[in-house]
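Take a look at the structure set out below.
Protein chains get the first letters and strands the later ones, always in sequence-line order, with residue 1 at the start of each. On a predicted model such as this, the values are computed, not experimentally measured, just so you know.
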Protein chains: 2
Amino acid sequence: MAKGKVSYSCGLDAAVDVVGGKWKPLILWALHEAGTRRFGELRRDVSGVSEKMLIQQLRELEADGIVHREVYREVPPRVEYSLTGLGQSLNTALLPLGQWGDDFMSQILRNREHPRTGPA
Amino acid sequence: MAKGKVSYSCGLDAAVDVVGGKWKPLILWALHEAGTRRFGELRRDVSGVSEKMLIQQLRELEADGIVHREVYREVPPRVEYSLTGLGQSLNTALLPLGQWGDDFMSQILRNREHPRTGPA
DNA sequence: TGCAGTACTGTCGCATCGGAAAGTGCCGAA
DNA sequence: TTCGGCACTTTCCGATGCGACAGTACTGCA
């Protein structure tokens, strides 16, 4: 489960630990958009992710109580992932951050290209 | 600068990349609380951080245009760090997330201790 | 018979992360 | 004259991240 810290100095620290995996923002976003997705669907939604990483990040999110994993013991195995209530509250709390990213990511990318050109 | 990705699939991805360093939430929080801090002060504020990591994370935040670095060429060198406008807007966007962390981190910690005991 | 799809699991190995610690140049205090 | 503080910088090295890839158990399709 993420770094699996035992304690946090502040809530922000905890939240970033939960959401800070390489693919977690994308997974959270995909589940937020779709509601419920199967493993294979998520693998296609989150382009570039390997099966191993997808599973690993899903397991961590599950351990943290962010996503719910429902297994249907059917002929071809079917597993559906969805956000828990906690996951939905997390996504709500992430909305302003996502908005900030949308608004400023081009500026940030520009800042990185030529340092000390961005407005202070 | 963080992972230094060249593009992002969504704003959330970008924001987590900017804020996802090990010590960055703590640094952001310290600067948010104090307004302006010197290097040595930050080192004491953010307990446990090594000088190397503190510098590194500060440099990344500076490259992303989140913190401002002001050097005073004085007898003992003095350097002051503060949030830029962009950094302040980031902190504003982070407030709900910090609140979420404060509200639920104990629940998350509990979820990790005994899996499948948290409410779905 | 063999290939594809489902949902994983396990191993290998490079690359990055990040902590410890020592070095740097300058200065004031003891 | 040595110590300590300031703000770094550099090196070493173990821990971790993460991608590539192969394997598993089952089934349906051709």
Side-chain angles (χ1 to χ4, degrees), chain A residues 1-6 8-9 13 16-27 30-31 34 36-64 67-82 112 115, chain B residues 1-6 9 13 16-27 30-31 34 36-64 67-82 115:
Chain A
M1 57 286 283
K3 311 295 175 307
K5 295 183 185 181
V6 180
Y8 296 106
S9 355
D13 194 19
V16 169
D17 192 34
V18 167
V19 96
K22 180 170 184 185
W23 301 99
K24 287 182 188 171
L26 271 12
I27 294 171
L31 287 176
T36 294
R37 299 253 88 179
R38 301 181 54 176
F39 179 80
E41 291 174 327
L42 279 176
R43 187 162 47 116
R44 284 183 287 271
D45 285 351
V46 182
S47 78
V49 72
S50 67
E51 297 192 345
K52 176 193 156 187
M53 287 312 297
L54 181 55
I55 287 279
Q56 183 182 307
Q57 308 272 297
L58 281 169
R59 288 284 144 89
E60 291 179 4
L61 290 170
E62 192 194 356
D64 285 345
V67 308
H68 174 65
R69 179 165 173 271
E70 187 76 38
V71 181
Y72 298 87
R73 301 198 105 300
E74 293 176 354
V75 187
R78 186 158 63 99
V79 182
E80 287 187 347
Y81 294 90
S82 56
R112 289 180 184 173
Chain B
M1 57 286 282
K3 311 296 176 306
K5 296 184 185 180
V6 180
S9 358
D13 195 19
V16 168
D17 192 35
V18 168
V19 98
K22 181 170 186 185
W23 301 99
K24 287 182 187 171
L26 270 13
I27 293 172
L31 287 176
T36 294
R37 301 253 88 182
R38 300 180 55 178
F39 179 80
E41 292 174 326
L42 278 176
R43 187 162 47 115
R44 284 183 289 270
D45 286 351
V46 181
S47 80
V49 73
S50 67
E51 298 192 343
K52 174 192 155 187
M53 287 312 296
L54 182 55
I55 286 278
Q56 184 181 306
Q57 308 273 296
L58 281 170
R59 290 283 145 90
E60 291 180 5
L61 291 170
E62 192 195 355
D64 286 345
V67 308
H68 174 66
R69 180 165 173 270
E70 187 77 39
V71 181
Y72 299 87
R73 301 198 105 302
E74 292 176 354
V75 186
R78 187 159 63 98
V79 181
E80 288 187 347
Y81 294 91
S82 57

How long is the line joining CD of A:Gln57 and C1' of D:dC18, in whole Å? 9 Å
Whole-Å distance separating the CD atom of A:Glu60 from the C1' atom of D:dC18: 12 Å
Rounded to the nearest Å, what distance is computed from the CG atom of residue B:Leu26 to the C1' atom of nucleotide C:dG18? 15 Å
Atom NZ of A:Lys22 and atom P of D:dT16 are separated, to the nearest Å, by 19 Å
Decide yes or no for B:Ile27 and B:Leu61: does some side-chain heavy atom of the first lie under 4.5 Å from some side-chain heavy atom of the second? yes
Nearest non-hydrogen partners of B:Leu54 and B:Val49, listed with the distance: N-CG2, 3.8 Å
If only side-chain N and O atoms of B:Trp23 are considered, is one of them under 4.0 Å from the OP1 or OP2 phosphate oxygen of C:dC17? no
Once base and sugar-phosphate atoms are separated, protein heavy atoms under 4.0 Å mark nucleotides 4-9 of chain D, 5' to 3', with B, S and - as --BSBB
Take the protein atom CG of B:Leu54 and the nucleotide atom P of C:dA21, then report the distance between them rounded to whole Å. 18 Å
When every non-hydrogen atom of A:Glu51 is compared with those of A:Phe39, the smallest separation belongs to O-CZ, 4.1 Å
Value in whole Å for how far the P atom of D:dT10 lies from CE of B:Met53: 16 Å
Here the distance between atom C1' of D:dA20 and atom CD of A:Gln56, to the nearest Å, is 14 Å
How close do B:Val16 and A:Gly20 get, heavy atom to heavy atom, and via which atoms? CG1-CA, 4.1 Å
Length of the OH-P vector between A:Tyr72 and C:dC8, whole Å: 13 Å
Pairing residues for B:Glu41 by the salt bridge (Lys or Arg N to Asp or Glu O under 4.0 Å) criterion, not counting sequence neighbours: B:Arg37
Taking the side chain as every heavy atom from C-beta outward, state whether B:Leu42 and B:Leu31 have any pair of such atoms under 4.5 Å apart. yes
